[in-house]
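Note that the structure is predicted; figures quoted are calculated from it, not measured. Along the sequence shown, residues carry numbers from 1.
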Amino acid sequence: METAKQKQQRYQLSCQGLPLAVYREVAAHLRQVGKVQVGLFSPPSSELFDYNKSQVGGLWLEYAEDAEDAIRQKVDQILAYYEEIFGHWEENLDDS
């Protein structure tokens with residue numbers, strides 16, 4: 001039998017060249033939706049430090065098990081807003 005933790009999916013999103021401050025803004029905006037957990041993750045350790053790149057690898061988000069479709073749609077709207085300004089989000093399903 002699956003536990004609630006196993007049913008949850010964590011998504012990792014990144015946007016090429018998005019500054020750290022904007023990642024923090026997006027995360028704060030998504031946290032206001034409710035039933036969504038959001039955080040930032042580090043860039044791959046193999047990447048060399050570059051002032052022209054973001055200082056984070058991206059953001060992760062995880063929906064509560066009882067998150068309705070309206071919650072997911074609101075998250076999609078927020079991400080679409082930032083995508084329109086800063087460029088395409090790359091999405092990876094996090095298996096951890």
* To do: Among residues two or more places apart or on two chains, list those pairs meeting salt bridge (Lys or Arg N to Asp or Glu O under 4.0 Å) that have a residue in residues 21-40.
  => K35-D66, K35-E68
* Structure fact -> Nearest heavy-atom contact between G57 and S14 is O-CB, 3.3 Å
* Quick one: CG on L13 to CZ on F41, what's the gap to the nearest 0.5 Å? -> 8.0 Å
* salt bridge (Lys or Arg N to Asp or Glu O under 4.0 Å) against D69, all qualifying residues, sequence neighbours excluded -> none
* **Distance-minimising heavy-atom pair for L18 and Y23** => O-CE1, 3.3 Å
* With E83, which residues qualify under side-chain contact (heavy atoms from CB on, under 4.5 Å), at least two apart? -> H88, W89
* Over all atoms of both residues, closest heavy-atom pair of L30 and V36 -> O-CB, 4.3 Å
* To do: To the nearest 0.5 Å, tell me how far E62 CD sits from Q37 CD.
  => 5.5 Å
* List the steps, then state whether side-chain contact (heavy atoms from CB on, under 4.5 Å) holds for V38 with V26. => CA-CA 9 Å; V38 181; V26 174; over 6 Å; no
* Straight-line distance of Y82 OH to L59 CG, nearest 0.5 Å -> 10.5 Å
* Asked: Okay, side chain of Y11, backbone of Y63: is any donor-acceptor separation there less than 3.5 Å?
  -> no
